[in-house]
*Asks:* 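Input: one structure, supplied below.
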Amino acid sequence: MSLATGRLREERKAWRKDHPVGFVARPRNAPDGSTDLMVWDAVIPGKSGGLWDNCELKLELTFGDDYPVTAPIVKFKPILWHMNVWADGRICLNLLNAEDGTWHGKWQPSITIKQVLLAIQELLDNPFPAGARPEVQGMWEKNRPAYDKRIKEEAAKYRATSDVIEIE
Amino acid sequence: MGTAATESDAYDARYAHCVAAVGGPEVFAKVRRCKVLVVGAGGIGCELLKNLVLVGFESLVTVDLDTIDVSNLNRQFLFRKRHVGMAKAVVAREAVVAFNPLCSVEALHANIKEPRFGLAWFGGFDVVVNALDNVDARRHVNRMCLASDVPLIEAGTTGFLGQVFVIRKGETACYECFPKATKKVYPICTIRSTPSEPVHCVVWAKELFKLLFGDAKESMLFEGGDDGPDASTYGAACAAVRGAPDAEKALGAALALLCDGEVRKQLSMDKYKTAKKTPDPLDGAAVAAACVAARAPSRNRTSADWDRATWTVDECCAELADVAATLAGGDRVGSWEFDKDEPDAMRFVAAAANLRSRIFHIAPKSLYEAKGIAGNIIPAIATTNAVVAGLQVAELLKLIRAGCVLGDGGDRPSVGSVCKYTYCLRDTTRRGLLLQPTRLEEPQATCYVCRKGKVAVALDTTTTTLRTFVDVVLKRKLGFVDPSVDKDGSGLFESEDERLAANLDKVLADLPAGGLGDNAIAEVADFASTGLELDVTIKHKPEADFDEKANPEKVLVLTGADATADPLREAAAQLAADKPPPPPASEKRAADDDAAPRRSARV
């Protein structure tokens with residue numbers, strides 16, 4: 001058992017024992033039905049009362065052989081229209097960048113999957129201009145009403161329809 | 001604040017007589033703020049809640065899933081006739097709050113195994129006191145208390161016998177350190193063809209009740225569409241009883257086949273070649289005629305000892321005919337579930353078991369006796385319940401005085417040095433005692449619940465499905481609530497994970513990740529409930545090697561010393577003998593007084 005798979009087993013156990021409400025995180029199944037610990041599927045719920053309230057946002061976490069020395073690659077699937085999500089779906093978040101001694105790179109081997117997902121949930125409602133998606137950031141800087149409208153449209157795509165109650 | 005002080009004064013005044021008795025004002029202050037969970041509000045629970053409130057305990061929660069039955073009223077003294085059908089916990093709460101309006105009692109009409117009663121919830125109590133009547137719930141509460149590190153005061157009674165003991169993680173043996181006898185399951189062939197005890201006939205009658213009036217497919221006697229040479233002759237006749245316009249006649253016809261034709265058929269198939277005594281079929285035509293003739297009101301019911309008398313064949317037919325219309329007609333047909341307290345259902349089972357007994361030369365039983373067998377009734381004695389509930393409170397006070405409960409955070413003595421394991425006896429010891437305190441056992445190294453002991457399971461990995469493994473081995477035999485199963489970190493089953501549901505119908509050897517074949521290790525965990533984690537070693541044993549009679553489920557679970565010493569050799573020896581495992585050595589330890597029953601007295 002490699003360091004990576006050993007750690008991922010522990011992560012999985014910790015997650016099953018306790019995880020935040022509405023979140024899902026589990027390793028993918030290989031074609032033969034066995035568990036592929038190196039790729040996980042996750043669902044993050046939007047914060048209630050926030051921009052993404054009642055949304056279910058799907059992600060894919062890919063772990064390399066040198067995890068947890070290096071951070072997992074975390075992508076939104078499908079790609080989210082968000083200032084801090086690159087055009088390929090990856091997330092621009094200091095927690096997921098290699099430690100570089102600055103504010104920009106904050107990955108530590110001790111960071112858990114739970115911490116990563118909670119940080120991403122936080123980021124959803126609190127984007128910061130960092131140049132990951134110029135077209136989103138441009139709209140946010142120059143035309144806030146259009147941006148706000150677009151965010152609402154984007155969020156509607158991820159809303160669990162059965163739970164939506166229209167109130168006029 | 002003024003009000004609080006007044007209430008507090010009122011409390012102290014009301015309980016002034018208790019202060020010295022419990023050990024002084026400091027102890028009494030702890031008694032008042034001690035948060036106690038009482039699991040069960042029945043026989044022991046009523047006594048216990050009354051005791052706790054009268055001693056001055058002020059903060060109680062009680063959980064019970066049951067409602068009050070008439071048969072409870074003789075000993076569950078907090079309940080009255082007007083409460084029948086109401087929730088035990090709720091009524092018990094009302095009664096004890098009336099004893100002391102200043103105390104707070106929360107009543108929960110619920111099953112203690114529900115996920116909402118999780119580890120955090122258990123951890124909110126200073127002590128848990130059990131007042132349960134079944135092994136399954138006791139095992140669960142034991143695990144929750146170990147995992148949340150809350151002391152547990154356990155008690156049980158069986159007639160005149162009883163015991164009280166305290167469980168604390170790491171300090172005493174837990175409830176599961178010593179294996180318990182599990183519920184008896186009868187092999188299908190014994191029930192269908194070769195009964196030898198009255199209980200086999202009663203079980204047969206209950207299964208017949210299900211076949212005729214309940215969910216027929218669930219009955220042991222059901223044979224769906226099987227036209228093989230062994231197919232029974234009575235299926236169609238039984239199906240015809242449901243909703244028959246002439247229920248007595250239809251039932252008579254079915255009974256004639258069951259008591260006569262079917263028995264003859266089995267005789268002709270040489271099923272009883274090796275039996276000591278061959279069955280003697282009843283006269284089917286006479287049975288059928290007696291059922292029809294009995295439309296007149298049942299005569300035997302007029303006699304005073306009707307329920308204690310052994311009915312003749314004709315009397316049995318009269319009873320069966322008398323209840324036939326009620327059971328076979330009406331909207332409950334197809335959904336009847338046997339309940340010993342439902343008079344018509346009990347009369348049916350008693351009469352049918354009686355007829356069955358006569359065929360197989362087994363002593364027929366009265367309705368009263370059959371009721372005891374059918375309901376697995378162990379007579380409950382109010383006095384024994386009162387004694388053990390009193391002892392439980394005495395142990396609780398010892399825990400508080402010693403600082404094991406509500407301690408000051410410093411060093412505290414081990415529960416094993418403070419409390420005792422106390423037996424209630426039926427006969428006095430040589431020293432004339434009816435209560436016998438003994439030392440509490442240490443945690444047992446082989447225990448799979450509190451000491452990560454090993455567990456091995458022998459079964460046929462090519463015929464046993466994962467569903468059977470989960471339902472029979474993990475849930476029923478090992479007491480898991482919501483288990484997950486992994487192999488080498490690969491998920492095989494988890495109730496929350498719909499992707500794995502398809503694995504349930506696969507046999508163990510064919511599961512992903514190489515399957516659970518001989519010597520494979522299943523990693524099992526109850527994360528959603530007790531948090532218990534366990535590695536189960538799988539031992540392949542071909543189905544044909546199991547003794548159908550001794551082990552109809554074809555599963556053998558080895559725990560404790562049997563699984564630990566040398567799992568492979570021990571298991572092989574065990575399997576060769578196919579006997580229940582011997583009691584652990586510690587059960588045989590010398591008694592302080594050899595007249596006393598030992599661990600076997602545990603309920």
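In what follows, chains are A, B, ... by sequence order, proteins preceding strands, each numbered from 1.
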*Asks:* Hey, is the main chain of A:T35 close enough, under 3.5 Å, to the side chain of B:S490 for a donor-acceptor pair?
*Replies:*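 Yes.
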*Asks:* Need one label for A:R9: side chain, backbone, both or neither, based on atoms under 4.5 Å from any heavy atom in chain B.
*Replies:* side chain
*Asks:* Please check if atom CG in A:D148 has more than 12 non-hydrogen atoms from other residues, nucleotides or ligands closer than 6.0 Å.
*Replies:*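 Yes.
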*Asks:* Do B:E533 and A:K17 touch side chain to side chain, with heavy atoms closer than 4.5 Å?
*Replies:* yes
*Asks:* Residues in ring-ring contact (aromatic ring centres under 6.0 Å, His included) with A:H19, at least two apart?
*Replies:* A:W15
*Asks:* Counting only heavy atoms not in A:E60, do more than 12 sit closer than 6.0 Å to its CD atom?
*Replies:* yes
*Asks:* May I ask you to name which of B:D488, B:D526, B:N503 has the most heavy-atom pairs under 4.5 Å with chain A?
*Replies:* B:D488
*Asks:* Taking everything shown except B:K113 itself, do over 12 heavy atoms lie less than 6.0 Å from its NZ?
*Replies:*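 Check passes, neighbour count above 12.
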*Asks:* Please find the pair of heavy atoms, one from B:E496 and one from A:R26, that lie closest to each other, and give the distance.
*Replies:*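 Heavy atoms only, the tightest pair is O-NH1, 4.0 Å.
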*Asks:* Examine whether an atom of B:L500 lies under 4.5 Å from a heavy atom of chain A, and if so say whether it belongs to the side chain, the backbone or both; otherwise answer neither.
*Replies:* side chain
*Asks:* Take atom NZ in B:K506; do more than 12 heavy atoms of anything else shown fall under 6.0 Å from it?
*Replies:*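 Count over threshold, so yes.
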*Asks:* For A:N29, is it the side chain, the backbone, both or neither that has a heavy atom under 4.5 Å from a heavy atom of chain B?
*Replies:* both
*Asks:* Which pair of heavy atoms, one from B:P512 and one from A:S34, lies closest together, and at what distance?
*Replies:* CB-N, 3.6 Å
*Asks:* If you count heavy-atom pairs under 4.5 Å with chain A, which of B:A513, B:G491, B:G531, B:A525 comes out on top?
*Replies:*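 Max contact count across the listed options: B:G491.
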*Asks:* Looking at side-chain heavy atoms only, is the closest gap between A:R16 and B:D486 below 4.5 Å?
*Replies:*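 A side-chain contact under 4.5 Å exists here.
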*Asks:* For the atom pair CZ (A:R12) and OG (B:S484), what is the distance rounded to the nearest 0.5 Å?
*Replies:*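 It comes to 7.5 Å.
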